[in-house]
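Notes follow once the structure below has been shown.
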Amino acid sequence: MVSRVIPVDPFDLVIFGGTGDLARRKILPGLFRRFCAGQMPKGARVIGAARGDMDSAAYRDFVADAIAEFGGERSCEEGTLAGFLERMEFVTIDARGDKGWDELAKLVRSDVVRAYYFSVGPSLFADLAHRLNAHGLTDADSRIVVEKPFGRDLPSAQALNKDLAMHFDESQIYRIDHYLGKETVQNLMAVRFGNMLFEPLWNSQYVDHIQITVAETVGVGGRGEYYDKSGAMRDMVQNHLMQLLCLIAMEPPSKFDPDAVRDEKLKVIRALDEVQPHHIVRGQYEASDDEPGYREAVGDPRSRTESYIAMKVGISNWRWAGTPFYLRTGKMLKARSSEITVVFKELNHSIFGEQSDHRNVLSIRLQPNEGITLGVTIKEPGPGGMRLVDVPLDMSFADALGEDGADQTDAYERLIMDVIRGNQTLFMRGDEVEAAWAWTDPIINGWEGRGEVPKTYDAGSEGPVDAVQLLARDTRVWRKVAP
Ligand code: NAD
């Protein structure tokens, strides 16, 4: 199968925070891979803008190091790196002062697509938006890319939206949730809306329940101070898990168009039930042989922030009333695994007369080993009567699609190219983000108000025992967290 590379127009991409961790690990290596794929036309340039004295030559060395460390295995032809580095410029800039803005204004061209990636802390977003405008660096076709976290509650998200709206129209603002850039997440929409098979069954009449799991094996590492102010609910549920929930639960949009898709996602968030406190389990990991426990890692022996959360969520609409959605995410768990599982109901009558516990289970793996598996019931081979057995109809993308399946574009590079193309489908709209905070705020305020202390769980386990109970009460079980 031949990979199709859709060309983009020439552009100037300015990365504010171009020397930061995210730029080094994700943005710059991702851009290089797009360059290797032939997707950076002549005249496309990348301009790093950050604090600190550096000239363009030093920045090119910085970029080369980042690619060597984080560029992955995909190799480019000899000499390609030099060609990519030629596209790099650097400007020392102060987001809060005057330094560097005139120089940037001289560098950025007005006859190409202009995109500004705000890869800096959110406290600088308003300053950047204001200065871009004040220095005449934008027009109606310019775009800004905004990183997470987008606020830490509804008022702060509203304030951010308001600040950005002073200088940019909503159609120019690209709020990144890199989960939406993952291949399988988009495949979720292709599977649902590109097949006759699933959509008629995609409702509470046929679906028993849905599980969404995002499990990490790493702890908070060096991000302890940031993470402790946030926790799993703000860091993962309000954005990534919520987006997955929206895509799995939304009504079919009338077309695959940014606002049609985002309108449907917004309706899901607005239809979410208030979550009962006893439907939430929060946890903190204990020390393992190699790593300190959560409280030690964040340097606060009394921290009440959760590194794990599991919850039962209901959606009050015609499609989903009565079908629970179980969400869980956490750090220092047994395996790194992100998966959405749709568990269908049992047959209402089995002609085989078994105490049939056979159900179809559709699981969509986001990482690792992206793919889709459908569990189907068949006859166990051999003579001696009709015994049933569940087997997986397994479609690993790497196997099914050959090179194209294995060689998957990273979420960041896909999303950056969408920005250049002006396609907002895989970015969060301002009202979506606000609706998500409006749903999570009362939950967070509730447990903060009650002074709730998270349960503990062993590092390398599947999470707190109480999370098992959450499903056991409904006579259900979590899928095993497996790589
Ligand atoms: P970082 O601290 O590593 O880098 C910050 C960058 O901003 C540096 O280039 C620095 O020079 C620049 N900067 C800081 N103050 C400035 C100022 N006043 N004027 C101009 N430049 C200034 O941060 P990071 O980890 O790269 O994160 C950047 C953004 O991306 C943050 O909003 C973060 O929440 C988000 N994010 C990061 C990751 C990640 O893996 N690092 C993941 C998701 C989201």
Side-chain angles (χ1 to χ4, degrees), residues 13-31 46-56 58-59 61-63 65-66 69-70 88-104 116-132 134-135 137 144-152 156-157 160 163-164 173-182 214 216 218-232 234-241 243 329 331 336 367 410-413 415-416 419 427-428 433:
L13 170 67
V14 179
I15 309 172
F16 291 108
T19 56
D21 180 62
L22 184 67
R24 212 162 61 85
R25 286 194 307 114
K26 292 288 180 186
I27 304 173
L28 294 165
L31 285 166
V46 176
I47 301 165
R51 271 198 308 206
D53 286 330
M54 197 185 259
D55 59 13
S56 291
Y59 191 56
D61 291 342
F62 172 88
V63 176
D65 287 348
E69 195 171 354
F70 299 106
M88 299 283 141
E89 303 285 347
F90 185 81
V91 178
T92 300
I93 210 155
D94 183 2
R96 292 214 160 108
D98 295 329
K99 190 177 169 79
W101 288 96
D102 289 340
E103 202 185 336
L104 186 65
Y116 300 98
Y117 198 130
F118 292 7
S119 183
V120 294
S123 62
L124 297 178
F125 291 174
D127 293 295
L128 289 176
H130 167 72
R131 282 179 173 71
L132 281 172
H135 288 85
L137 279 155
I144 57 169
V145 184
V146 186
E147 262 300 333
K148 88 169 209 189
F150 200 87
R152 57 172 282 108
S156 56
L160 257 182
D163 285 338
L164 298 181
I173 304 172
Y174 291 71
R175 293 176 196 78
I176 285 235
D177 184 326
H178 72 274
Y179 266 62
L180 292 180
K182 288 181 186 289
V214 178
E216 297 178 274
V218 292
V220 292
R223 291 171 71 223
E225 200 185 325
Y226 158 78
Y227 189 89
D228 200 45
K229 293 195 199 95
S230 157
R234 288 192 172 99
D235 193 48
M236 297 296 291
V237 177
Q238 187 273 346
N239 38 59
H240 306 319
L241 274 80
Q243 289 294 321
T329 180
K331 293 194 173 293
R336 174 172 171 262
Q367 65 191 21
D410 178 81
Y412 275 94
E413 58 195 269
L415 293 172
I416 293 170
V419 174
F427 296 84
M428 296 181 294
V433 178

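We number each residue from 1, following the sequence as shown. Each ligand, and each atom within it, is numbered from 1 in the order the structure gives.
- Protein heavy atom at the shortest distance from atom 28 (C) of ligand 1 is Ser119 O, 3.2 Å.
- Asp102 contributes atom CG, which lies 5.0 Å from atom NE2 of His135 (distance to the nearest 0.5 angstrom).
- Between the side chain of Glu69 and the backbone N or O of Ala66, no donor-acceptor pair lies under 3.5 Å.
- An N or O contact shorter than 3.5 Å links Gly20 to ligand 1 by distance.
- Ligand 1 has no atom lying under 4.0 Å from any heavy atom of His178.
- With sequence neighbours left out, the side chain to side chain contact (heavy atoms under 4.5 Å, CB included) criterion links Asp61 to no other residue.
- Under a 4.0 Å heavy-atom criterion, Pro149 is in contact with ligand 1.
- One finds the CD atom of Gln243 at 11.5 Å from the CZ atom of Phe427 (value rounded to the nearest 0.5 Å).
- In Arg51, the parts holding a heavy atom less than 4.0 Å from any atom of ligand 1 are both the side chain and the backbone.
- Taking every non-hydrogen atom of Arg25 and a distance limit under 4.0 Å, the qualifying atoms of ligand 1 come out as 39 (C), 40 (O), 41 (N).
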Would you please test Asp235 and Arg223 for salt bridge (Lys or Arg N to Asp or Glu O under 4.0 Å) and show each step? CA-CA 12 Å; Asp235 193 48; Arg223 291 171 71 223; 3.7 Å; yes
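- Looking only at protein heavy atoms, the nearest one to atom 12 (C) of ligand 1 is Gly17 CA, 3.9 Å.
- Checking Ile144, Ile47, Ile416, Val146 one by one against Tyr117, the side chain to side chain contact (heavy atoms under 4.5 Å, CB included) holds for a single residue, Ile416.
- Legend: residues meeting side chain to side chain contact (heavy atoms under 4.5 Å, CB included) with Asp65, ordered by chain and number and at least two apart, are absent.
- The distance criterion of under 3.5 Å between nitrogen or oxygen atoms is not met by Tyr412 with respect to ligand 1.
- Between Asp21 and ligand 1, a contact under 3.5 Å exists for at least one N or O pair.
- When all heavy atoms of Arg96 and Ser123 are compared, the closest pair comes out as NH2-O, 3.3 Å.
- Looking from atom 8 (C) of ligand 1 to the surrounding protein, the closest heavy atom is Thr19 OG1, 3.7 Å.
- At the top of the distance list for atom 44 (C) of ligand 1, counting protein heavy atoms only, stands Glu147 OE1, 3.1 Å.
- Between Val120 and ligand 1, a contact under 3.5 Å exists for at least one N or O pair.
- What you find for Leu28 and Phe62 is that their closest heavy atoms are CD1-CE2, 3.9 Å.
- Every atom of ligand 1 with a heavy atom of Leu124 under 4.0 Å away is listed here by number and element: 15 (N), 16 (C), 17 (C), 18 (N).
- Interface of Lys148 with ligand 1, defined as ligand atoms under 4.0 Å from a residue heavy atom, comprises 32 (O), 33 (C), 34 (O), 35 (C), 36 (N), 44 (C).
- In this structure, OH in Tyr174 is found 15.5 Å from CD in Glu147, a value given to the nearest 0.5 Å.
- Residue contacts with ligand 1: Ala95 is placed with a nitrogen or oxygen under 3.5 Å of a nitrogen or oxygen of the ligand (distance criterion only).
- Taking any N or O of Leu22, backbone or side chain, at least one lies under 3.5 Å from an N or O belonging to ligand 1.
- Protein heavy atom nearest atom 18 (N) of ligand 1, with residue, atom name and distance: Asp94 OD1, 3.4 Å.
- In this structure, the protein non-hydrogen atom closest to atom 20 (C) of ligand 1 is Ile93 O, 3.3 Å.
- Using modelled atom types, no side-chain atom of Thr19 and backbone atom of Ala50 make a donor-acceptor pair closer than 3.5 Å.
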